[in-house]
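Each remark here refers to the structure printed beneath this line.
Fair warning: this is a prediction, and the values are worked out from it, not measured in the lab. One-based numbering along the sequence shown.
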Amino acid sequence: MRYQSTRDASLKLTSAEAIARGLSIDGGLFVPESFPKLTEDMITSLVSKPYKDRAARILELFLDDFSAEALDQYAGEAYSQPGYDHPAIAPLYKLDAETAFLELWHGPTSAFKDMALQIMPRLLTASLRKTNESREACILVATSGDTGKAALEGFCDVPGTRIMVFYPQDGVSDVQKLQMTSQSGSNVNVVAVNGNFDDAQTGVKAIFSDESLRTELDEKGFFLSSANSINWGRLVPQIAYYVSAYCDLLADGTIKYGDEINFCVPTGNFGNILAGYYAKKMGLPIKKLICASNRNDVLTDFISTGVYDKNRPFFTTSSPSMDILVSSNLERLLFELAEKDGAFVSACMSGLTQNGRYEVPENVIAEIADKFAGGRCSEDDTDKTIKELFGKYKYLIDTHTAVAYKVLGDYRTETGDKTPAVVVSTASPFKFCDSVLQALGQSVTSGGVELIGALENLTGCPAPAPLSALHDKSPRFLDTVPVDGMKQAVREFLK
């Protein structure tokens, strides 16, 4: 299988080359030339398998320059206890006959990013060997909270790599901030950016596209790569948990093979829901992918109108991982729906850079409407959803999951669609203790890790062990830079 750039389909790379590079030299994202098909025999054969085997088989379909034995090894190492606190790794919590929650937060950093970032360092280091890369990889990450810690944990002390994470100074929760700034490891660095996530993400993209900086770092024996979902090695493992959820519904008798299901996904950068689209494109029986937005509803507007317009107020919300106005992975969707027209995608991305907006034609809008639905959730409704779900079911969810559950309910009311649905639950509620406590009616005067115990005491739910351990952690990294200081921060780190 070959991989091509979303902006120039003439570029053809192996999967190892695409993972090693991360981002195409033309600024595009790597996508497979074609998508393998999931057959009934393949899916049903995975029903009785553990998550690690399900993941390895999905990866094998895309990464054909890796041996099956190697992928089995990587998946076995990445998806095992005690790294995960649940034997199913990505368990389904059945709320009722029509709704389940896909819990993707049982890994070492208590967020769904672990599902990709526990295996990605293994894929990247193997890719570097396959491509005879002798330079040291510097992994640059812009994070809205969860990706940063998951990437730091995954790449901590991995030979041949260094990792540098940029996060918005006031755009993550206190728990997320301490998770990142207290990270151990000799090859890691964490820097706050004066700005929001879009500023940090734009700054990282500018570093990647700076040819003089690339030359400078090359002379020092470094090259840049990414652990954000712009890297195919980060995105492809996420396809596996959509397949896994379908297998679990088959296993418990909720559905029979061929029955369609819906997924409702809280997303800001579009990577999480894009993995679901790829699973659907491969033949997984998905009826609708429901895109759930908070007040930063640029994606929901795009799905309903075909106009992507970031020229709008930016809101800091209680679901910060979705506080994003520039959704990088949407470029990959445009490429597929526009029949792999790189010139069209380039024009859209230029419009976004120059004018902050672009518009797609009617045929693309129709394709989007056929596969996706969208909805938004206010801050008040986020709080109400957390309170109502815990009050009725004693099921505790985080703010992002609450956005998705509310949007799913609205979608069902508006459409009458009673198809069984899976809510993609992206983080432990203990990562956002202040917001969850307030939603449950508690007065909160601080946002520190001491609230972890307060939420445990109120709900009777145990916090994940990695979050409880934060009580004994102190920040290692305290630097803050302006957006235009990010390149110099990279230089300092790689002295």
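Between the side chains of S328 and Q201, at least one donor N or O lies within less than 3.5 Å of an accepting N or O. Side-chain atoms of Q73 and E77 form a donor-acceptor pair, as typed in the model, at a separation below 3.5 Å. Between the side chains of N196 and D198, no donor-acceptor pair is found at a separation under 3.5 Å. No hydrogens or angles considered: a donor-acceptor pair under 3.5 Å links the side chains of N329 and R332.
The backbone N or O of A142 lies less than 3.5 Å from a partner atom in the side chain of N228, making a donor-acceptor pair. A donor-acceptor pair under 3.5 Å is absent between the side-chain atoms of K52 and the main chain of K49, judged by distance alone. Side-chain N or O atoms of R295 include none that pairs as donor or acceptor with a backbone N or O of T317 at under 3.5 Å. A side-chain donor-acceptor contact under 3.5 Å links S378 to the backbone of D381. Looking at K256, its side chain never comes within 3.5 Å of a backbone N or O of L250 through a donor-acceptor pair. Side-chain atoms of N272 do not come within 3.5 Å of backbone N or O of T267 as any donor-acceptor pair. Looking at D248, its side chain never comes within 3.5 Å of a backbone N or O of L92 through a donor-acceptor pair. S45 places a side-chain N or O within 3.5 Å of a backbone atom of D41 that can act as its donor or acceptor partner.
Taking 4.5 Å as the limit, some side-chain heavy atom of L333 sits within range of a side-chain heavy atom of L337. Contact of the L152 side chain with the I163 side chain is registered, since non-hydrogen atoms from C-beta on lie closer than 4.5 Å.
Here ring pair (Phe, Tyr, Trp, His ring centres under 6.0 Å) pairs that include residues 327-348, with residues two or more places apart or in two chains, number zero. Residues in residues 357-366 take part in no side chain to side chain donor-acceptor pair (under 3.5 Å) pair, two or more places apart or across chains.
Between F101 and Y405, the ring planes lie tilted relative to each other; the angle falls in the 30° to 60° range. The aromatic rings of Y79 and Y51 sit perpendicular to each other, their planes meeting at more than 60°, with 30° as the lower class boundary. Ring geometry for F432 versus H400: interplanar angle of 30 to 60°, hence tilted.
Between Y278 and W232, the ring centre distance stays below 6.0 Å.
Under the 4.0 Å criterion applied to side-chain N and carboxylate O atoms, D417 and K287 are assigned as salt-bridge partners. Between K387 and D383 there is no salt bridge, since no side-chain N of the basic residue sits under 4.0 Å from a carboxylate O of the acidic one. The residues E388 and K392 are annotated as not salt-bridged, no charged nitrogen and carboxylate oxygen being separated by less than 4.0 angstrom. By the 4.0 Å N-to-carboxylate-O rule, E336 lies close enough to K340 to be salt-bridged with it. Using a cutoff of 4.0 Å between basic side-chain nitrogens and carboxylate oxygens, D174 and K431 are not scored as salt-bridged. D410 has no carboxylate O lying under 4.0 Å from a charged side-chain N of R376, or vice versa, which leaves the two without a salt bridge.
Relative to the ring axis of Y74, R122 does not place its NZ or CZ within 45° and under 6.0 Å from the centre. Geometrically, K280 does not engage F263 in a cation-pi contact defined by less than 6.0 Å to the ring centre and at most 45° from the axis. Remark: K394 qualifies as a cation-pi partner of F390 under the 6.0 Å distance and 45° angle criteria applied to the six-membered ring.
Remark: Y84 OH to I89 CD1 distance equals 6.5 Å, nearest 0.5 Å. Atom OG1 of residue T401 and atom CG of residue L389 lie 9.5 Å apart, to the nearest 0.5 angstrom.
In this structure, A227 and A151 approach most closely via the heavy-atom pair CB-CB, 4.1 Å.
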